[in-house]
Colleague: 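Just passing along the structure, written as structure tokens.
Just so it is clear, the values below take in all heavy atoms, side chains as well, and ignore hydrogens, waters and symmetry mates. Throughout, residue positions are numbered sequentially from 1 according to the sequence presented.
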Amino acid sequence: MPGLRLFAVATLLAICGPLPAAAAQPAAPAPEPFRFERIDSLAQMQETLRRMVRVGSPRAELRRLFIDEGGATLVPRPGRATTEKYLYDIDLCGYYVWRWNISADFGQGGELRQIYLNGEPVLADGASEQAFDAEAARRVRGTRVFQMSRARPEAARGESSLGFILIDGDGNLETWTDQLLIGGGPTRPHPADMGRLRGYSVAWWRSIFDSDAAARIMPYSGDCAAAERAIARQ
């Protein structure tokens with residue numbers, strides 16, 4: 001009966017007092033923007049990429065992360081509209097110029113197929129481009145091996161030139177789809193502790209040795225004076 005229901009509600013309020021208002025749900029914190037300077041090593045960058053992107057991620061999302069938030073330079077791949085890379089250079093207190101070279105292959109609809117870190121594929125379920133076809137090179141019979149270097153005059157106090165070997169399937173450096181680069185680089189972007197030497201066997205265009213220029217070279221975000229003192233003690 002309506003009157004009985006109202007009496008029951010009034011009795012409950014008298015005993016227990018007013019019902020508490022529903023607690024407001026705290027707003028979820030906005031994710032921090034991506035920053036290259038926060039990445040401590042190659043291994044951390046690999047983990048970060050696997051966490052941020054996946055096979056099928058839209059091209060616009062990668063550009064937002066690496067260009068809009070990270071400040072990288074966009075470099076489209078010549079002759080292939082479905083491939084591009086994002087370059088970010090850091091001057092490690094004049095001792096070395098660290099390069100992040102993140103490249104990506106997309107499908108015709110702009111969906112991510114594979115992302116590469118310094119030429120090495122990151123996503124286990126992605127479709128990776130073959131860097132060098134040895135059988136095709138044997139058929140051409142024009143394979144040449146070049147000893148080359150990537151000048152880095154910005155590293156005035158340290159390594160100003162990065163050496164590498166380039167195997168070219170037809171001996172023509174202008175046709176870069178048949179090239180395999182062999183070289184090495186450090187694993188940590190810190191002037192006083194650059195980790196270990198990591199060997200690469202990758203496509204030249206996707207590597208830390210590529211000849212494309214970033215729009216700017218960013219200064220080291222740490223303390224160069226402290227780094228210099230640590231280097232002096234080594």
Side-chain angles (χ1 to χ4, degrees), residues 33-46 48-49 62-63 65-78 84-104 115-120 122 131 146-166 173 176 179-234:
F34 174 78
R35 293 287 186 268
F36 282 94
E37 291 83 0
R38 296 192 184 125
I39 306 300
D40 184 67
S41 64
L42 289 176
Q44 186 182 359
M45 180 63 89
Q46 288 176 335
T48 301
L49 293 176
L62 272 72
R63 290 187 176 184
L65 288 168
F66 302 125
I67 300 173
D68 298 341
E69 294 185 3
T73 301
L74 172 65
V75 180
R77 185 162 176 173
E84 62 191 33
K85 63 184 175 183
Y86 319 101
L87 301 179
Y88 195 86
D89 288 353
I90 305 173
D91 179 1
L92 300 184
C93 306
Y95 291 100
Y96 185 85
V97 176
W98 175 278
R99 163 157 289 190
W100 292 113
N101 185 337
I102 299 174
S103 55
I115 192 167
Y116 304 78
L117 174 58
N118 297 347
E120 298 179 332
V122 173
F146 298 91
Q147 186 172 346
M148 306 180 70
S149 64
R150 168 70 156 95
R152 279 301 197 184
E154 304 87 1
R157 292 185 292 179
E159 186 57 65
S160 60
S161 181
L162 307 179
F164 60 94
I165 292 173
L166 186 71
L173 292 178
W176 39 262
Q179 296 170 346
L180 180 68
L181 178 144
I182 299 173
T187 57
R188 301 188 69 229
H190 298 281
D193 180 10
M194 301 187 72
R196 300 175 292 102
L197 180 68
R198 182 184 184 89
Y200 290 103
S201 180
V202 296
W204 186 9
W205 189 84
R206 300 185 191 271
S207 77
I208 63 173
F209 307 90
D210 69 314
S211 57
D212 291 309
R216 58 193 177 279
I217 299 177
M218 302 301 296
Y220 178 56
S221 60
D223 186 341
C224 282
E228 290 170 3
R229 291 192 296 270
I231 291 171
R233 292 193 297 268
Q234 294 175 2

Colleague: Report yes if some heavy atom in the side chain of Tyr200 is under 4.5 Å from a heavy atom in the side chain of Ser207; otherwise report no.
Modeller: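 The answer is no, as the side chains (C-beta and beyond) never meet within the 4.5 Å cut-off.
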Colleague: Between Leu74 and Pro76, what is the shortest heavy-atom contact and its length?
Modeller: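 For Leu74 versus Pro76, the nearest heavy atoms are O-CD, 3.9 Å.
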Colleague: Rounded to the nearest 0.5 Å, how far does CZ of Arg77 lie from CG of Asp212?
Modeller: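 If we round to the nearest 0.5 Å, Asp212:CG and Arg77:CZ are 11.0 Å apart.
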Colleague: Please name all residues satisfying side-chain contact (heavy atoms from CB on, under 4.5 Å) with Thr187, sequence neighbours left out, ordered by chain then number.
Modeller: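 Thr187 satisfies side-chain contact (heavy atoms from CB on, under 4.5 Å) with Leu42, Arg196, Arg198 only.
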Colleague: Determine whether more than 12 heavy atoms belonging to other residues, nucleotides or ligands lie under 6.0 Å from atom CZ of Arg216.
Modeller: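 Not buried by this count: 12 neighbours or fewer within 6.0 Å.
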Colleague: How are the rings of Phe36 and Tyr88 set relative to one another: parallel (under 30°), tilted (30 to 60°) or perpendicular (over 60°)?
Modeller: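 Rings of Phe36 and Tyr88: parallel, under 30°.
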Colleague: Would you check if Leu181 and Trp205 make a side-chain contact, meaning some heavy-atom pair closer than 4.5 Å?
Modeller: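 SC-SC contact between Leu181 and Trp205 ruled out.
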Colleague: State the CD1-CG distance between Ile102 and Leu49, to the nearest 0.5 angstrom.
Modeller: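 The CD1 atom of Ile102 sits 5.0 Å away from the CG atom of Leu49.
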Colleague: Quick one: list whatever passes side-chain contact (heavy atoms from CB on, under 4.5 Å) with Ala213, sequence neighbours left out.
Modeller: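 None.
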Colleague: For the residue pair Tyr220 and Glu37, establish whether any side-chain heavy-atom pair is separated by less than 4.5 Å.
Modeller: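 When only atoms from C-beta onward are counted, Glu37 and Tyr220 do not touch, as no gap falls below 4.5 Å.
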Colleague: Looking at Arg206 and Asn101, would you say the former's side chain and the latter's main chain have a donor-acceptor pair under 3.5 Å?
Modeller: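 Pair absent, no side-chain N/O of Arg206 close to backbone of Asn101.
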Colleague: Measure across Pro189 and Trp100 and return the closest heavy-atom pair with its distance rounded to 0.1 Å.
Modeller: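 Closest approach of Pro189 to Trp100: CG-CZ2, 4.4 Å.
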Colleague: Please report the interatomic distance CG(Leu92) to CD(Glu154), rounded to the nearest 0.5 Å.
Modeller: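 Leu92 CG to Glu154 CD: 11.5 Å, rounded to 0.5 Å.
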Colleague: Taking NZ, NE, NH1 and NH2 as the nitrogens, is one of them in Arg188 or Asp40 under 4.0 Å from a carboxylate oxygen of the other?
Modeller: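 Looking at Asp40 together with Arg188, the answer is yes, because their closest N to O distance falls below 4.0 Å.
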Colleague: Quick one: CG on Asp89 to CZ on Arg99, what's the gap to the nearest 0.5 Å?
Modeller: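 So the CG of Asp89 and the CZ of Arg99 are separated by 4.0 Å.
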Colleague: Counting N and O atoms only, with roles assigned by atom type, does the side chain of Arg157 sit under 3.5 Å from a partner on the main chain of Cys93, one being a donor and the other an acceptor?
Modeller: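 The answer is yes, because a donor-acceptor pair under 3.5 Å joins these two groups.
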Colleague: Rounded at 0.5 Å granularity, tell me how far CZ in Arg152 sits from CD1 in Ile208.
Modeller: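 Answer rounded to 0.5 Å: 9.0 Å.
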Colleague: Quick one: are Met148 and Leu173 in side-chain contact, heavy atoms under 4.5 Å?
Modeller: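 A side-chain contact under 4.5 Å exists here.
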Colleague: Hey, is the main chain of Leu166 close enough, under 3.5 Å, to the side chain of Gln179 for a donor-acceptor pair?
Modeller: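 Pair absent, no side-chain N/O of Gln179 close to backbone of Leu166.
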Colleague: Please work out which of the three classes, parallel, tilted or perpendicular, describes the rings of Trp204 and Phe164, given edges at 30° and 60°.
Modeller: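 The rings of Phe164 and Trp204 sit tilted, inter-plane angle from 30° to 60°.
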Colleague: Calculate, to the nearest 0.5 Å, the distance between atoms CD1 and OG belonging to Ile115 and Ser103 respectively.
Modeller: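 Answer rounded to 0.5 Å: 7.5 Å.
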Colleague: Treating Gln46 as the side-chain partner and Val122 as the backbone partner, does any N or O pair qualify as donor plus acceptor under 3.5 Å?
Modeller: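 Not at all, since once roles are kept as given, no pair shorter than 3.5 Å links the two residues.
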Colleague: Looking only at heavy atoms, what is the nearest atom pair of Gly184 and Phe209, with distance?
Modeller: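 Gly184 and Phe209 have their closest heavy atoms at O-CZ, 3.4 Å.
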Colleague: Does Pro33 offer a backbone N or O that forms a donor-acceptor pair with the side chain of Glu69 under 3.5 Å?
Modeller: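 Not a single qualifying donor-acceptor pair exists.
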Colleague: Which is it for Tyr96 and Leu162 under the side-chain contact (heavy atoms from CB on, under 4.5 Å) test, yes or no, and what are the steps along the way?
Modeller: CA-CA 10 Å; Tyr96 185 85; Leu162 307 179; 3.6 Å; yes
Colleague: Applying salt bridge (Lys or Arg N to Asp or Glu O under 4.0 Å), can you list everything that pairs with Asp91, at least two apart in sequence or on another chain?
Modeller: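 For Asp91, no residue satisfies salt bridge (Lys or Arg N to Asp or Glu O under 4.0 Å) once neighbours in sequence are set aside.
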Colleague: Let me know which of Val75, Thr73, Leu62 forms a side-chain contact (heavy atoms from CB on, under 4.5 Å) with Tyr86.
Modeller: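 So, applying the side-chain contact (heavy atoms from CB on, under 4.5 Å) to Tyr86 and each of Val75, Thr73, Leu62, only Leu62 qualifies.
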Colleague: So do Asn118 and Met45 actually touch side chain to side chain, heavy atoms under 4.5 Å?
Modeller: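 They are not in side-chain contact.
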